[in-house]
Amino acid sequence: KKMAQILVKDDQLNGKYIAIVSMESPAVISSGTDPKEVYNEAQQKGCAEPLIVYIPEKDMVQIYWLTA
């Protein structure tokens, strides 16, 4: 499996949710602290199915695991 990486260089987005078109097109459409509002705003801007991603606070540790 190929893992995608989204690079966000704007520190103002730390600790927020962002909406992007897709992993292949990671331009930020909308952002905020409420994922539902971020999703709705992205749809209002014309993105039918935005992808919502959380940008962690600087130095925040996140742990991920996969299940079968």
Side-chain angles (χ1 to χ4, degrees):
K1 289 183 178 181
K2 180 181 174 185
M3 291 192 70
Q5 182 177 7
I6 299 173
L7 298 176
V8 176
K9 297 180 180 181
D10 185 349
D11 287 343
Q12 293 180 358
L13 296 175
N14 291 351
K16 294 184 180 178
Y17 293 90
I18 63 169
I20 60 175
V21 174
S22 69
M23 294 300 251
E24 292 78 26
S25 179
V28 177
I29 302 166
S30 63
S31 65
T33 56
D34 183 325
K36 187 172 184 176
E37 288 178 11
V38 170
Y39 184 88
N40 291 338
E41 182 180 338
Q43 284 191 318
Q44 290 171 356
K45 290 182 176 180
C47 183
E49 295 185 33
L51 177 60
I52 307 302
V53 179
Y54 179 73
I55 307 300
E57 293 283 348
K58 192 169 184 93
D59 299 326
M60 174 188 251
V61 175
Q62 291 191 337
I63 300 172
Y64 298 91
W65 66 91
L66 299 174
T67 58

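Below, each value reflects all heavy atoms present in this structure, side chains not excepted, and no hydrogens, waters or symmetry copies.
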* Which heavy atom of Y39 sits nearest a heavy atom of A48, and at what distance? -> OH-O, 4.1 Å
* To do: Search all heavy atoms of C47 against all heavy atoms of V21 and return the closest pair with its distance.
  => SG-CA, 4.1 Å
* What is the minimum heavy-atom distance between E57 and G15, and which atoms define it? -> OE2-CA, 3.5 Å
Would you tabulate the side-chain donor-acceptor contacts of residues 27-38 under 3.5 Å, counting partners in other chains and residues two or more places apart, or write 'none'?
unit_1: S30; atom_1: OG; unit_2: V38; atom_2: O; d: 2.8
unit_1: D34; atom_1: OD1; unit_2: K36; atom_2: N; d: 2.8
unit_1: D34; atom_1: OD1; unit_2: E37; atom_2: N; d: 3.3

* Who are the ring pair (Phe, Tyr, Trp, His ring centres under 6.0 Å) partners of Y17, not counting sequence neighbours? -> Y54
